[in-house]
Trainee: 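Once you've had a glance at the structure underneath, I'll fire off some questions.
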Amino acid sequence: MSHQNPHVGRAPSQNDFGEFNGGSFNITHRDTNAVLNLNLQKGTTITCVPGAMIHMSGTITLVGERHFSFKKLITGYSMSESKYSGPGRVALGPTLFGDIVTLRLNGPQTWMIGRDAYLASTDGITGEQVTQSLSKSLLSGEDLVIQRIGGEGIIWLTSFGAVDRLDLHPGEEHIVDNGHLVAWSCEYKMEKAGGGTRAAMKTGEGFVCRFTGPGSVYIQTRNQGEFEEYISNIATSSAV
């Protein structure tokens, strides 16, 4: 009889709330319209992507938006970040329909995240770019840069669609389509779906990641690249 991992397919808690040094948080409207609500004490600062703020108390201070280098960034690109300082409340939301994942980092543990996954983080979270080999990038159709995050604190990630968490036992393997990845903490390698280019063309699948436990993988139920292609096809058809 095959062993079925009881932790595969586990969704994040629907009542995601907690505290951190200098504040507290809760996530509402889960699965597809998630909102991150933060209550910040005086002097506590939260970093997030620009444009994520939905509303905030009049006592919250926008510390500033600045450009940051590849070595310091979380999201993987030369762009700006916003910092909000308490006291008061601030609500953040992602651009696309989706959920929000809370990751608590304790120092030794590191995670890899996709380029569009970052939403916000507390002080103490660090990030560095990880450049894939050129062959991996060409095969996967993904950008060369993903991010390794570490430190101590909380990072909030976003998804397109709902989120599932796969918890893998040591030596256990699981395959995930590249377009559905949010974050992972286990070993992985990229490969062609179906074992070859010809097979991939027949199945309509592209390239995937093969993960090996121990560790966890957060996956999103919708593929942003496929959605963009769908919208583009509709726009093109309407213009004809």
Side-chain angles (χ1 to χ4, degrees), residues 7-32 34-40 44-49 52 72-77 81-84 90-96 98-130 145-168 174 176 178 180-188 209 211-222 224:
H7 300 296
V8 169
R10 184 175 66 183
S13 170
Q14 292 299 304
N15 299 308
D16 196 349
F17 59 91
E19 298 181 349
F20 53 89
N21 186 23
S24 60
F25 74 94
N26 69 79
I27 300 174
T28 56
H29 309 296
R30 297 300 305 271
D31 284 350
T32 57
V35 175
L36 172 62
N37 301 287
L38 298 158
N39 195 344
L40 306 180
T44 300
T45 300
I46 288 291
T47 303
C48 69
V49 293
K72 296 179 180 178
L73 56 76
I74 292 292
T75 53
Y77 294 89
E81 63 182 8
S82 297
K83 287 181 174 290
Y84 294 91
V90 58
L92 305 176
T95 300
L96 296 174
D99 206 349
I100 296 174
V101 174
T102 301
L103 288 182
R104 290 184 178 269
L105 277 67
N106 57 12
Q109 184 183 31
T110 60
W111 285 77
M112 308 294 286
I113 66 173
R115 94 177 165 181
D116 297 318
Y118 176 76
L119 176 63
S121 59
T122 63
D123 288 341
I125 296 296
T126 61
E128 64 174 341
Q129 67 177 5
V130 178
V145 178
I146 54 179
Q147 295 304 309
R148 178 187 291 115
I149 59 171
E152 295 187 6
I154 298 178
I155 182 170
W156 291 278
L157 307 176
T158 67
S159 67
F160 184 36
V163 174
D164 277 335
R165 171 173 169 162
L166 311 175
D167 292 324
L168 305 182
H174 208 86
V176 181
N178 288 359
H180 290 271
L181 289 174
V182 176
W184 59 97
S185 63
C186 47
E187 294 295 325
Y188 77 102
C209 280
F211 294 94
T212 303
S216 300
V217 185
Y218 283 97
I219 60 174
Q220 56 190 12
T221 59
R222 297 296 179 266
Q224 183 176 341

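Since we're looking at a predicted model, the values are computed, not measured. Below, all heavy atoms of this structure are taken into account, side chains as well, without hydrogens, waters or symmetry copies.
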Trainee: Decide yes or no for Val101 and Ser159: does some side-chain heavy atom of the first lie under 4.5 Å from some side-chain heavy atom of the second?
Mentor: no
Trainee: Evaluate the side-chain proximity of Asp116 to Leu96: yes if any heavy-atom separation is below 4.5 Å, no if none is.
Mentor: no
Trainee: Side chain to side chain contact (heavy atoms under 4.5 Å, CB included) between Leu38 and Trp156: does it pass, once the steps are laid out?
Mentor: CA-CA 11 Å; Leu38 298 158; Trp156 291 278; 3.7 Å; yes
Trainee: For Cys186, give me all partners under side-chain contact (heavy atoms from CB on, under 4.5 Å), at least two apart in sequence or on another chain.
Mentor: Leu168, Phe211, Val217
Trainee: Would you please test Ile46 and Leu40 for side chain to side chain contact (heavy atoms under 4.5 Å, CB included) and show each step?
Mentor: CA-CA 8 Å; Ile46 288 291; Leu40 306 180; 3.5 Å; yes
Trainee: Between the main-chain N or O of Ala162 and the side-chain N or O of Thr221, is there a donor-acceptor pair closer than 3.5 Å?
Mentor: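 Yes, because the side chain of Thr221 sits within donor-acceptor range (under 3.5 Å) of the backbone of Ala162.
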Trainee: After noting the C-alpha distance and the side-chain angles of Leu103 and Tyr218, does the key distance pass the side chain to side chain contact (heavy atoms under 4.5 Å, CB included) rule?
Mentor: CA-CA 11 Å; Leu103 288 182; Tyr218 283 97; 3.4 Å; yes
Trainee: Ser185: what forms a side chain to side chain donor-acceptor pair (under 3.5 Å) with it, not counting sequence neighbours?
Mentor: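 Per chain and number, Ser185 pairs via side chain to side chain donor-acceptor pair (under 3.5 Å) with no residue.
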Trainee: Please identify each residue that fulfils side-chain contact (heavy atoms from CB on, under 4.5 Å) with Asn26, with sequence neighbours left out.
Mentor: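 Asn26 satisfies side-chain contact (heavy atoms from CB on, under 4.5 Å) with Phe17, Thr28, Asn37 only.
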Trainee: Can you find a pair of side-chain heavy atoms, one from Phe25 and one from Thr102, that are under 4.5 Å apart?
Mentor: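 Yes - at least one pair of side-chain heavy atoms lies under 4.5 Å apart.
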Trainee: Side chains of Ser216 and Trp111, heavy atoms from C-beta outward: is any pair under 4.5 Å?
Mentor: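 Yes, close enough: below the 4.5 Å cut-off.
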Trainee: For Thr45, which residues count as a side-chain contact (heavy atoms from CB on, under 4.5 Å) partner, sequence neighbours excluded?
Mentor: Lys83, Ser85, Asp123
Trainee: Any chance you could measure Ile155, atom CD1, to Ile149, atom CD1, to the nearest 0.5 Å?
Mentor: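 One gets 3.5 Å once the value is rounded to the nearest 0.5 Å.
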Trainee: Who are the side-chain contact (heavy atoms from CB on, under 4.5 Å) partners of Ser24, not counting sequence neighbours?
Mentor: Glu19, Asn39
Trainee: Hey, could you give me each pair passing salt bridge (charged side-chain N to carboxylate O under 4.0 Å, His left out) that has a residue in residues 147-157? Not counting sequence neighbours.
Mentor: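 Listed once each, the pairs are Glu128-Arg148.
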Trainee: CD of Glu187: more than 12 outside heavy atoms within 6.0 angstrom?
Mentor: no
Trainee: Answer whether the closest heavy-atom distance between the side chains of Trp184 and Ile146 falls below 4.5 Å.
Mentor: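 When only atoms from C-beta onward are counted, Ile146 and Trp184 do touch, with a gap below 4.5 Å.
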Trainee: Just by distance, do the side chain of Gln220 and the backbone of Val182 share a donor-acceptor pair under 3.5 Å?
Mentor: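 Not confirmed, Gln220 side chain does not pair with Val182 backbone.
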Trainee: Donor-acceptor pair, distance only, cut-off 3.5 Å: does the side chain of Thr122 make one with the backbone of Ile154?
Mentor: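 Flag set: sc Thr122 to bb Ile154 pair under 3.5 Å.
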